[in-house]
Visitor: 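Following this message is one structure expressed as structure tokens.
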Amino acid sequence: MVTVGTGTPVIDASVHIFFTSNRDMRGFLREPFASRGIPDAEMDWYGAPGGEYAAGTRGPSSRGPGRGYPGSDPEFVGEQLFVERGVDIAVLHPMTRGILPDRHLTTAVLAAHNEMMVTRWLESNRFAARYRGTIRVNPEDIPGALREIRRYAGHPGIVQVGIPLQSRELYGKPQFWPLWEAAAEAGLPVAAHIETGESIAFPPTPSGHTRTYEQYLGFMSLNYVYHLMNMIAEGVFERMPELRFVWADGGADLLTPFTWRMDTFGRPHLEQTPWAPRMPSDYLPGHVYFVQGSLDGPGETEFASEWLGFTGKEDMVMFGSSYPHWHCGDATALPSALTTEQREKVLWRNASRLYGIDIPAAAATT
């Protein structure tokens, strides 16, 4: 195991991977879907002003006529993550095409991404043993989602089920319960991640579309809180004690104030939710995790350690770089005020426990 730069192991819980091109994706699709019109991976209303990707993330596959996406070459990504950045294990999250009007087409696109990730990233490159995978499923097609879970649940490289943060219904509602039950039965956490491509998703805020990318980036993570509050109120974690949910694109810095509000307003009204009889905050430990990137938290401040301890976040937060995007984070950039124990939890212990990733004792004590 490599421990370059941090002195401790590093599990990167959020590495975004892509097909090299739309043509590449169609090679994994079956008819009648291979011939259908499909949005491009970068079809999004809000583009980062300085460009979508971090400098230096375009690998050999992007040169010449093909111009593949960053995050599409397992060998090049492995060199950047494991050799240059000191990462030990990378959890891959395929970036797909949002919520398409045809739910069956969405399911087919996700299945193609899963097949690509497993065959290209988890099984057939020199870094395969250090990659872990997220299988993407479509919550608007429960039979199709269950089929994908059954297909890959036994694969040793698969560690979680992935869904889009963008949803036209809150994830606590009963129509989603068969999907959460299947994931829990398979022993796989469910990770919600902001999806590329808006397609037919709702606006990013309850009041409509923001004007700029900066507003979008600042407010989008609020949707995690709406889903989480609904899941608690609907009794999802009471009903499924083995279910674990990962909010995989930030938002932990919003948890504490919203948890205080949930408890404040929930305490006098627990009789309205007899199926969820505990205080809302009691459902967080062991059920709820956040991937924290470079844009989250108070940053380099003297109270960063205290902040991480509020609401038990130090046991919920996992480091994620969001490679290869422009805000790609570095494990060496955690606030200096964090304790050694907090730093280890964020960099690898929480992810190791959640995903069942073994870190050799020699590396863990370096």
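When a residue number appears, it is its place in the shown sequence, counting from 1.
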Visitor: Take Phe245 and Trp180 through the test ring-ring contact (aromatic ring centres under 6.0 Å, His included) and record every step on the way to the result.
Guide: CA-CA 9 Å; Phe245 235 83; Trp180 312 151; 5.1 Å; yes

Visitor: Just wondering, do Leu228 and Leu255 contact through their side chains at under 4.5 Å, heavy atoms?
Guide: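 With C-beta onward as the side chain, the pair touches.
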
Visitor: Does Gly172 offer a backbone N or O that forms a donor-acceptor pair with the side chain of Trp177 under 3.5 Å?
Guide: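 Pair found, side chain donor or acceptor close to backbone of Gly172.
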
Visitor: Between Asp102 and Arg36, is the salt bridge (Lys or Arg N to Asp or Glu O under 4.0 Å) condition met? List the steps.
Guide: CA-CA 11 Å; Asp102 184 340; Arg36 296 280 296 276; 3.1 Å; yes

Visitor: Say whether, by atom type as modelled, one donor and one acceptor occur between the side chain of Lys313 and the main chain of Phe310 under 3.5 angstrom.
Guide: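 Yes; judged by distance alone, with no hydrogens or angles, the pair exists.
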
Visitor: Hey, is the main chain of His227 close enough, under 3.5 Å, to the side chain of Asn230 for a donor-acceptor pair?
Guide: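 Pair absent, no side-chain N/O of Asn230 close to backbone of His227.
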
Visitor: Report yes or no: does Arg353 contribute a side-chain atom to a donor-acceptor pair with the main-chain N or O of Trp348 at less than 3.5 Å?
Guide: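 Side chain of Arg353 to backbone of Trp348: no pair is present.
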
Visitor: Going through the distances and angles, do Leu308 and Thr339 end up as a side chain to side chain contact (heavy atoms under 4.5 Å, CB included)?
Guide: CA-CA 10 Å; Leu308 191 62; Thr339 68; over 6 Å; no

Visitor: Test the Arg278-Tyr283 pair against the cation-pi criterion, namely NZ or CZ under 6.0 angstrom from the six-membered ring centroid and within 45° of the ring axis.
Guide: yes

Visitor: Just by distance, with hydrogens left out, do Thr256 and Thr311 show a side-chain donor and acceptor under 3.5 Å apart?
Guide: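 The criterion, which ignores hydrogens and geometry beyond distance, is satisfied for Thr311 and Thr256.
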
Visitor: Quick one, Tyr289 with Tyr355, criterion ring-ring contact (aromatic ring centres under 6.0 Å, His included). Give me CA distance, side-chain angles, the key distance, then yes/no.
Guide: CA-CA 11 Å; Tyr289 295 81; Tyr355 297 125; 8.1 Å; no

Visitor: Keeping the roles fixed (side chain from Glu79, backbone from Glu84), state whether a donor-acceptor pair exists under 3.5 Å.
Guide: no

Visitor: In terms of side-chain geometry, is the basic nitrogen of Arg349 or Glu344 positioned less than 4.0 Å from the acidic oxygen of its partner?
Guide: yes

Visitor: Looking only at the side chains, is there a donor atom on one of Arg130 and Asn125 sitting less than 3.5 Å from an acceptor on the other?
Guide: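 No - no donor-acceptor pair under 3.5 Å links their side chains.
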
Visitor: Check the pair His113, Phe19 against side chain to side chain contact (heavy atoms under 4.5 Å, CB included), reporting the backbone distance first and the verdict last.
Guide: CA-CA 8 Å; His113 280 75; Phe19 281 104; 3.6 Å; yes

Visitor: Considering non-hydrogen atoms only, spot the tightest contact between Ile11 and Ser352 and give its length.
Guide: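 So the two residues come closest at CD1-N, 3.8 Å.
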
Visitor: Between Ser14 and His16, do the side chains contain an N or O donor and an N or O acceptor separated by less than 3.5 Å?
Guide: yes

Visitor: Is it true that Ser305 and Gln342 share a donor-acceptor pair across their side chains at a distance under 3.5 Å?
Guide: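 Yes, Ser305 and Gln342 have a side-chain donor paired with an acceptor closer than 3.5 Å.
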
Visitor: In plain terms, say whether Glu234 and Arg239 are close enough for a salt bridge, that is, a side-chain N and a carboxylate O under 4.0 Å apart.
Guide: no

Visitor: Give the minimum heavy-atom separation between Val10 and Asp88, together with the two atoms involved.
Guide: N-OD2, 2.6 Å

Visitor: Main chain of Val317, side chain of Asn350: is a donor-acceptor contact present, judged purely on distance under 3.5 Å?
Guide: yes

Visitor: Would you confirm whether Ser21, through its side chain, and Asp24, through its main-chain N or O, come within 3.5 Å as a donor-acceptor pair?
Guide: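 Yes: the side chain of Ser21 pairs with the backbone of Asp24.
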
Visitor: Using 4.0 Å as the upper bound for N to carboxylate O, is an ion pair formed by Arg85 and Asp12?
Guide: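 Looking at Asp12 and Arg85, the cut-off is not met.
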
Visitor: Are Arg120 and Glu115 ion-paired here, with the side-chain N under 4.0 Å from a carboxylate O?
Guide: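 Judged by the 4.0 Å cut-off on N to carboxylate O distance, Arg120 and Glu115 do not form a salt bridge.
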
Visitor: How close do Arg147 and Thr107 get, heavy atom to heavy atom, and via which atoms?
Guide: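 Scanning both residues completely, I find the closest heavy atoms to be NH2-CG2, 4.2 Å.
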
Visitor: Donor-acceptor pair, distance only, cut-off 3.5 Å: does the side chain of Thr134 make one with the backbone of Leu92?
Guide: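 A pair under 3.5 Å: yes.
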
Visitor: Minimum heavy-atom separation for Ile89 and Ala129, please, with both atom names.
Guide: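 Scanning both residues, the minimum pair turns out to be CD1-O, 4.4 Å.
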
Visitor: In terms of side-chain geometry, is the basic nitrogen of Arg136 or Glu195 positioned less than 4.0 Å from the acidic oxygen of its partner?
Guide: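 A salt bridge is present here (some side-chain N lies under 4.0 Å from a carboxylate O).
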
